Amino acid sequence: MAGLNGRKIVITDSKDFMGPALEAHFRREGADVMADERDLTQAGACEALIQEAGPVDVLIINLADPAEALAVQDIGDARWHQAFDRLVHPMHRLVRAVTPQMLARRAGKIIVIGSASALRGMSNQGAYSAARGAQLSYVRAVGAELAPKGIQLNLLAQNWVDNPTYFSKEMQAHPRWDALVKSQVPAGRLGTGEEDAAFVAFLAGDESGFFVGQAFPFAGGWVV
């Protein structure tokens with residue numbers, strides 16, 4: 001894609017969720033990719049990552065947490081805090097750390113790989129959906145704040161996209177898998193990692209400068 005060659009792209013949690021597909025796609029586009037694997041729940045980890053990265057053109061906040069099915073009365077404090085510790089707090093720390101350099105240049109892109117669960121109610125997913133919903137609200141608010149200063153912050157609200165964290169090979173090998181997907185996804189299949197990464201690359205490029213604080217459904221019609 002035009003405009004990505006040589007640009008510094010930072011991808012968090014690069015071995016999980018959409019990390020592998022994103023890294024492969026951006027490397028093919030000729031970007032200068034920093035694919036980071038560190039545990040961003042640790043104190044100072046987010047700040048250290050941005051400091052080590054140097055000038056960042058595009059920050060892709062790819063964070064995952066197991067979508068453990070629990071009735072609301074069974075969601076203990078530990079599970080509740082885990083969802084926010086993994087999905088919400090690192091997101092804010094990363095944005096807080098990278099914005100000073102982007103503000104100085106009046107340019108930069110931040111893309112959060114979120115979940116369509118923030119757009120549709122899901123039983124037994126109170127903790128996970130609440131954390132993903134917090135991501136969405138944060139992007140809307142901070143996106144509007146940063147846009148006049150030349151920074152675009154947006155979110156991909158995805159589900160039913162092939163990735164090793166939420167849709168393992170073992171899960172997809174189950175005899176009832178195809179029927180489940182067709183019953184849930186109007187498109188009748190999983191989205192591919194390449195389709196996902198290509199859309200993220202569009203948001204990272206110059207052609208998407210008019211998008212501000214938006215959540216883009218990417219779920220084959222599961223949400224619209």
Side-chain angles (χ1 to χ4, degrees), residues 1-19 22-23 25-27 29-65 83-114 118 131-157 197 199-216:
M1 180 171 292
L4 294 180
N5 187 49
R7 291 197 178 177
K8 185 62 170 286
I9 313 289
V10 174
I11 303 170
T12 70
D13 284 3
S14 61
K15 296 301 181 184
D16 298 318
F17 196 21
M18 300 312 302
L22 291 166
E23 179 181 358
H25 185 92
F26 277 96
R27 290 197 188 281
E29 294 290 342
D32 177 9
V33 179
M34 179 177 181
D36 190 79
E37 302 176 32
R38 78 191 70 191
D39 180 0
L40 295 177
T41 67
Q42 299 300 306
C46 296
E47 295 79 4
L49 169 57
I50 299 304
Q51 183 177 11
E52 292 170 22
V56 177
D57 296 303
V58 182
L59 171 62
I60 301 177
I61 301 177
N62 173 65
L63 302 169
D65 177 65
F84 281 78
D85 286 343
R86 292 185 177 181
L87 298 174
V88 181
H89 302 146
M91 174 188 63
H92 172 60
R93 292 170 187 144
L94 288 162
V95 172
R96 183 177 62 193
V98 82
T99 46
Q101 58 166 276
M102 291 183 172
L103 289 169
R105 300 191 305 267
R106 294 191 65 83
K109 301 267 192 173
I110 305 171
I111 303 161
V112 177
I113 310 301
R132 289 297 191 184
Q135 287 185 326
L136 186 150
S137 293
Y138 181 90
V139 165
R140 286 175 172 167
V142 179
E145 175 185 339
L146 294 177
K149 301 164 186 176
I151 304 169
Q152 285 81 52
L153 170 60
N154 291 290
L155 178 145
L156 195 65
F199 190 74
V200 175
F202 168 70
L203 294 177
D206 294 335
E207 301 91 340
S208 61
F210 202 55
F211 295 119
V212 172
Q214 292 185 239
F216 297 94

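All figures in this text were calculated on a predicted structure; none of them were measured in a lab. When reading the values below, keep in mind they use all heavy atoms of this one structure, side chains included, and skip hydrogens, waters and symmetry mates.
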(message) Measuring from atom CD1 of I60 to atom OG of S14, what distance do you get when rounded to the nearest 0.5 angstrom?
(response) 11.0 Å
(request) Classify the side-chain pair K149/T99 by whether it contains a donor and acceptor separated by less than 3.5 Å. (result) no
(message) Can you tell me how far apart CG (L59) and CG (L49) are? Round to the nearest 0.5 Å.
(response) 7.5 Å
(request) Grab the two heavy atoms, one from G6 and one from D32, that are nearest each other, plus how far apart they are. (result) O-CB, 4.0 Å
(request) Could you check if a side-chain atom of R7 sits within less than 4.5 angstrom of a side-chain atom of D206, using non-hydrogen atoms only? (result) yes
(request) Looking only at non-hydrogen atoms, find the nearest pair between F17 and L63 and report the distance. (result) CD2-O, 3.6 Å
(request) Check whether any side-chain heavy atom of I113 lies under 4.5 Å from a side-chain heavy atom of L22, and answer yes or no. (result) yes
(message) Looking at E23 and I11, would you say the former's side chain and the latter's main chain have a donor-acceptor pair under 3.5 Å?
(response) no
(message) According to side-chain hydrogen bond (donor to acceptor under 3.5 Å, both in side chains), who are the partners of R38, at least two apart in sequence or on a separate chain?
(response) D36, E52
(message) Nearest 0.5 angstrom please: K109 NZ to N154 CG, how far?
(response) 7.5 Å
(request) Would you name the heavy atoms of R132 and A64 that are closest together and state the gap between them? (result) NH2-CA, 4.1 Å
(request) Evaluate the side-chain proximity of L153 to E145: yes if any heavy-atom separation is below 4.5 Å, no if none is. (result) no
(request) Look up atom CE in M34 and atom CD1 in I9, then write down how far apart they are to the nearest 0.5 Å. (result) 13.0 Å
(request) Identify the heavy atoms of A83 and A131 that sit nearest to each other, and give their distance. (result) O-CB, 3.7 Å
(request) Starting from the C-alpha separation in whole Å, work towards a yes-or-no answer on side-chain contact (heavy atoms from CB on, under 4.5 Å) for V56 and Q101. (result) CA-CA 8 Å; V56 177; Q101 58 166 276; 3.8 Å; yes
(message) For I111 versus A204, what's the shortest heavy-atom pair and its separation?
(response) CD1-N, 3.7 Å
(message) Nearest 0.5 Å, please: how far is NE2 in H89 from SG in C46?
(response) 11.0 Å
(message) Quick check for you: to the nearest 0.5 Å, what is the distance between R93 atom CZ and I50 atom CD1?
(response) 13.5 Å
(message) Quick one: does any side-chain atom of N62 pair with a main-chain N or O of T12 as donor and acceptor, under 3.5 Å?
(response) yes
(message) A side-chain contact here means heavy atoms from C-beta on lying under 4.5 Å apart; do V112 and Y138 qualify?
(response) no
(message) Please check this pair: side chain of S137 against backbone of A134, looking for a donor-acceptor N/O pair closer than 3.5 Å.
(response) no
(message) Are the side chains of L146 and M102 in contact, using a 4.5 Å heavy-atom criterion?
(response) no
(request) Please work out whether the ring planes of F211 and F202 are parallel, tilted or perpendicular, with thresholds of 30° and 60°. (result) perpendicular
(request) Specify the closest pair of heavy atoms between I61 and M91, including all atoms of both residues, with the distance to one decimal. (result) CD1-O, 4.0 Å
(request) Decide, yes or no, whether a salt bridge links R86 with D13 under the criterion of side-chain N to carboxylate O below 4.0 Å. (result) no
